[in-house]
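Side-chain atoms are counted along with the backbone in the values below, which use heavy atoms only and exclude waters and symmetry mates. All ligand and atom numbering here is 1-based and tracks the order in the structure.
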Amino acid sequence: MSTLHIIDHPLITHKLTIMREVETGSKDFRQLLNEISMLMGYEVTRDLPLEDVEIETPITKMIAKKVAGRKLAIVPILRAGLGMVDGLLALVPVAKVGHIGLYRDPETHLPVEYYSKLPADIDDRFVIVVDPMLATGGSASDAITMLKNKGCKLIRLMCLVGAPEGAEKVMADHPDVDIYIAAMDEKLNEHKYIVPGLGDAGDRIFGTK
Ligand code: PRP
Ligand code: URA
């Protein structure tokens, strides 16, 4: 069974509150999302396995530790997920980045795929799927299914704000995928937007609309 990790560190909660405010413009919104992504990345990668390596300090040789085994891939769901990539890359600069393009049909609210470009060795990597909004969960669930169809075995989902319905859907569809999220909000409205939420994340990041 997957685990839902609410990453409610005071700095994350504070920055998220500013992002939610309707007066916050795109420049600050992007900057805050970037900062929160880096802070959350610290938790998402907390249990990466380490291995012993022999190194030489200016004083002596020693057995020290480095991250072992699998390499990372960050996979943003376009568009809004792009806003979470740089924060994670600041922590893990050697990670590869794949892209999955999905938009929600305005009538059905179901995700529609329009793009996919993934690293060739994605099936060998520990994949962090990023998208600020987990509303119905359809986009995140479909993106994870696409990755599993490519052979990915170790996948985590990192979001900013979610609704209970979305988390329940991803956990039911993908019980092997842990979810990391900064806040779980109350509900979805009739347009399947998160309440209270922060509005349309893609539009707020890119200044569209
Ligand atoms: C938003 C958001 C998620 C999706 C969440 O994307 O970034 O991908 O909706 O909704 P769901 O959980 O109900 O699937 P949107 O479709 O608005 O596209 P955009 O990022 O290009 O604006
Ligand atoms: N997508 C968004 O950007 N915001 C929501 O609240 C729901 C879906």
Nearest to atom 18 (O) of ligand 1, what protein heavy atom do you find, and at what distance? Leu102 O, 4.1 Å
Could you tell me whether ligand 1 has any atom less than 4.0 Å away from a heavy atom of Gly137? yes
List the closest protein heavy-atom neighbour of atom 10 (O) of ligand 1: residue, atom name, distance to the nearest 0.1 Å. Arg104 CD, 3.2 Å
Has ligand 1 got any nitrogen or oxygen that is less than 3.5 angstrom from a nitrogen or oxygen of Arg79? yes
Taking atom 3 (O) of ligand 2 as the reference point, the nearest protein heavy atom with its distance: Ala201 N, 2.8 Å
Tell me, which protein residue and heavy-atom name are nearest atom 13 (O) of ligand 1, and how many Å apart are they? Thr136 OG1, 2.5 Å
Quick one: does atom 1 (C) of ligand 1 have a protein heavy atom under 4.0 Å from it? no
Please work out whether the ring planes of Tyr103 and Tyr114 are parallel, tilted or perpendicular, with thresholds of 30° and 60°. tilted
Considering only heavy atoms of Met133, which atoms of ligand 1 have at least one such atom less than 4.0 Å away? 2 (C), 3 (C), 5 (C)
Below the 3.5 angstrom mark, is there an N/O of Ala140, backbone or side chain, next to an N/O of ligand 1? no
Glu43 meets the side chain to side chain donor-acceptor pair (under 3.5 Å) criterion, sequence neighbours left out, with Arg46
Cationic N near anionic O, under 4.0 Å, Asp200 to Arg204: no
Nearest neighbour in protein (non-hydrogen) for atom 3 (C) of ligand 1: Asp131 OD2, 3.0 Å
Out of all atoms in ligand 1, which are within 4.0 Å of some heavy atom of Tyr103? Include the element for each. 16 (O)
Tell me, which protein residue and heavy-atom name are nearest atom 6 (O) of ligand 2, and how many Å apart are they? Ile194 N, 2.8 Å
Assess the side chains of Thr208 and Asp203: does a donor N or O sit below 3.5 Å from an acceptor N or O? yes
If we count only N and O atoms by modelled type, under 3.5 Å, do the side chains of Asp178 and Ser2 hold a donor and an acceptor together? no
Any link between Leu160 and Met171 through a network of hydrophobic side chains (Ile, Leu, Val, Met, Phe, Trp, Tyr) touching at under 4.5 Å? no
Quick one: does ligand 1 sit under 4.0 Å from the side chain of Ala80, the backbone, both or neither, non-hydrogen atoms only? both
Check whether any side-chain heavy atom of Val127 sits under 4.5 Å from a side-chain heavy atom of Leu154, and report yes or no. no
Does ligand 2 have a heavy atom under 4.0 Å from the side chain of Lys192, from its backbone, from both, or from neither? backbone
Return a yes/no value: protein heavy atom under 4.0 Å from atom 16 (O) of ligand 1? yes
What is the nearest protein non-hydrogen atom to atom 14 (O) of ligand 1, stated with its residue, atom name and distance? Ser139 OG, 2.6 Å
Answer yes or no: is there a donor N or O on one side and an acceptor on the other, between the side chain of Ser37 and the main chain of Leu33, under 3.5 Å? yes
Closer than 4.0 angstrom: is that true for some heavy atom of Gly199 and an atom of ligand 2? yes
Residues Asp52 and Lys65 bridged, charged N to O under 4.0 Å: yes
Salt bridge between Asp47 and Arg156, side-chain N to carboxylate O under 4.0 Å? yes
Do Ser141 and His174 get their side chains close enough for a donor-acceptor pair, meaning under 3.5 Å? yes
